[in-house]
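Quick notes on the structure that follows.
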Amino acid sequence: MPELPEVETIKRQLSTKLVGLRLTDFWSDTPKMVIGNPEDLLGSEIKEVRRRAKLLEIDTSKGVTLLIHLKMTGQLLYQDKTTDTYHGSALPPLKKPIPNSSTHVILHFDNGAKLYFNDLRKFGYIKILRTNDVEHTRILSEFGPEPFDPDLTLENFITRLKKRKTMKIKQLLLDQKFLAGVGNIYANEALFKANIDPRKKVAELSEEQMKELFKQVKNVLEVGIKAGGASDQTYVNAFGEKGKFMDYAVVYRRKGKPCETCGAKIERIALGGRGTFFCPKCQL
DNA sequence: CACTTGACCTGTCCGC
DNA sequence: TGCGGACAGGTCAAGT
């Protein structure tokens with residue numbers, strides 16, 4: 001999905017809408033996407049919306065938290081009671097009105113608002129669990145640091161990096177245990193900005209390259225958040241709007257197009273089964 | 001152990 | 001227009 005900037009965008013929007021609302025009903029047509037008991041949520045009030053890596057956490061007054069992962073094609077869409085149609089502008093990729101055939105969970109609130117969880121590929125999920133247990137769920141407890149965590153200093157980053165000598169740097173950036181929240185789009189873009197060949201093993205990086213990578217990972221994520229995320233395919237924010245980050249992407253999904261720095265053609269290869277885009281001249 | 005591969009789903013796009 | 005194949009932002013379990 002939705003990587004860190006996309007989830008952060010949704011988190012900020014939902015915070016302004018959901019906090020204080022009471023959950024009145026929970027509907028789903030796809031059992032595998034709902035883990036836990038929705039009954040535990042009914043009647044509770046939304047207290048806070050948070051993000052950890054690419055996951056969204058919605059805390060409720062009953063000591064129960066919704067843990068939501070959008071995976072590749074998940075969308076969370078907020079609809080006010082006041083609008084019969086969708087809250088935002090329902091433009092592609094939100095081609096169909098909601099709910100539609102990819103709507104698999106609907107939360108109803110006491111003010112008439114609804115939250116739709118759409119997921120074309122049904123990879124995403126909502127976990128319902130006790131708030132106290134959230135930190136101990138395997139997925140969360142094993143995550144690496146947040147890129148913007150002030151405790152993650154350059155020194156710390158380099159120390160962690162050096163422990164993973166043989167891994168290709170691109171694949172390491174996608175490893176959530178190393179760094180939480182970076183996905184394929186931002187990994188490709190950060191490596192371009194840092195002039196690093198994605199196939200390079202960590203042990204082959206210079207200290208200077210590590211330093212630059214640390215800076216550029218945070219930089220592309222920041223640009224991503226400011227752009228409201230990347231709408232390469234199906235991503236839309238909680239109001240159904242596209243993000244603008246693809247306007248800033250210089251390598252991702254640009255195979256055969258000229259590199260903006262040197263004019264060489266952008267190449268595409270597969271690394272760990274994921275599309276990997278880079279400039280063969282600029283990235284060493 | 002560290003790393004790689006295939007599976008989970010359903011759609012779009014591109015070439016013939 | 002139809003058909004087949006490649007590709008799609010993420011993880012997880014199983015295999016090497």
Side-chain angles (χ1 to χ4, degrees), chain A residues 1-10 29-33 35 51-56 67-76 92-96 100-105 117-127 137-144 160-191 198-199 201-203 217 220-221 223-225 227-237 242-246 248-249 251-256 267-277:
Chain A
M1 110 148 144
E3 308 179 29
L4 186 153
E6 290 75 32
V7 182
E8 179 65 23
T9 301
I10 293 171
D29 68 350
T30 309
K32 66 161 266 190
M33 293 178 66
I35 301 139
R51 178 192 62 74
R52 170 78 171 112
K54 302 168 190 172
L55 287 136
L56 215 55
L67 195 60
I68 304 176
H69 203 313
L70 301 174
K71 292 285 181 84
M72 309 272 255
T73 52
Q75 302 176 329
L76 272 181
L94 191 65
K95 293 169 189 155
K96 297 181 267 184
N100 58 45
S101 56
S102 65
T103 302
H104 298 299
V105 181
F117 184 11
N118 292 359
D119 191 351
L120 173 66
R121 292 167 76 178
K122 300 181 190 167
F123 289 175
Y125 60 77
I126 295 187
K127 271 186 192 170
T137 60
R138 188 152 80 92
I139 180 151
L140 287 190
S141 63
E142 291 185 359
F143 275 150
R160 294 168 51 76
L161 203 51
K162 285 181 173 171
K163 287 182 189 157
R164 306 290 293 272
K165 302 185 198 341
T166 64
M167 192 166 232
K168 295 191 182 78
I169 185 60
K170 159 82 184 315
Q171 285 170 267
L172 183 57
L173 286 179
L174 296 179
D175 183 347
Q176 302 300 294
K177 291 177 190 130
F178 173 68
L179 194 62
V182 177
N184 205 25
I185 296 179
Y186 297 96
N188 277 297
E189 294 300 316
L191 286 166
R199 297 165 291 189
K201 294 190 168 157
V202 173
V217 165
V220 293
L221 291 173
V223 173
I225 292 170
S231 288
D232 181 40
Q233 313 239 65
T234 60
Y235 171 74
V236 289
N237 66 28
K242 291 186 183 190
K244 295 182 170 57
F245 182 77
M246 290 311 289
Y248 303 93
V251 286
Y252 183 72
R253 286 272 201 133
R254 293 177 57 80
K255 178 185 171 185
E267 288 184 15
R268 179 193 188 279
I269 57 169
L271 279 189
R274 317 300 308 284
T276 301
F277 301 83

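Numbered from 1 within each chain, the chains take letters A, B, ... in sequence-line order.
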Inset, instruction - Run the numbers on A:L271 and A:R199 for side-chain contact (heavy atoms from CB on, under 4.5 Å), then give the verdict. - result: CA-CA 8 Å; A:L271 279 189; A:R199 297 165 291 189; 4.2 Å; yes

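Put simply, the residue from A:V7, A:L4, A:V220 that forms a side chain to side chain contact (heavy atoms under 4.5 Å, CB included) with A:I225 is A:L4.
Only the P atoms considered, C:dA6 is 14 Å distant from B:dG6, to the nearest whole Å. Nucleotides B:dC1 and C:dT11, compared at atom P, are 23 Å apart to the nearest Å.
The side chain of A:Q171 has B:dT4 as its nearest neighbour among B:dT10, B:dT4, C:dG10. For A:K32, the side-chain atoms get nearest to B:dC8 when compared with the rest of C:dT11, B:dC8, C:dA8. For A:T166, counting side-chain heavy atoms from C-beta on, the closest listed nucleotide (B:dT10, B:dC3, C:dT11) is B:dC3. Here the side chain of A:L120 is nearest to one of C:dT11, B:dC9, B:dT10, namely B:dT10. The side chain of A:M72 lies closest to C:dA8, out of B:dT4, B:dC8, C:dA8. Of the candidate nucleotides B:dC3, C:dG10, C:dC12, C:dC12 has the atom nearest to the side chain of A:Y125. Across C:dA8, B:dC9, C:dT11, the shortest atom-to-atom separation from the side chain of A:K122 is found for B:dC9. The A:R268 side chain lies nearest to C:dC7 when the options are C:dC7, C:dT11, B:dT10.
Using a 4.0 Å heavy-atom criterion, one finds that A:Y186 contacts no nucleic acid atom at all. Within the 4.0 angstrom heavy-atom criterion, no nucleotide atom of any strand lies near A:G273. Nucleic acid contact for A:N184: sugar-phosphate only, since backbone atoms but no base atoms lie under 4.0 Å from a heavy atom of the residue.
A donor-acceptor pair under 3.5 Å is formed between the side chain of A:E189 and the backbone N or O of A:Y252. Under a 3.5 Å cut-off, the side chain of A:E8 and the backbone N or O of A:A53 do not form any donor-acceptor pair. In this structure, the side chain of A:E142 does not engage the main chain of A:L140 through any donor-acceptor pair within 3.5 Å.
Using the Watson-Crick or G-U wobble rule with both distances under 3.5 Å, B:dC9 pairs with nothing in any strand shown.
Stacking between A:F123 and the base of B:dC9 is absent under the criterion of ring centres within 5.5 Å and planes under 30 degrees.
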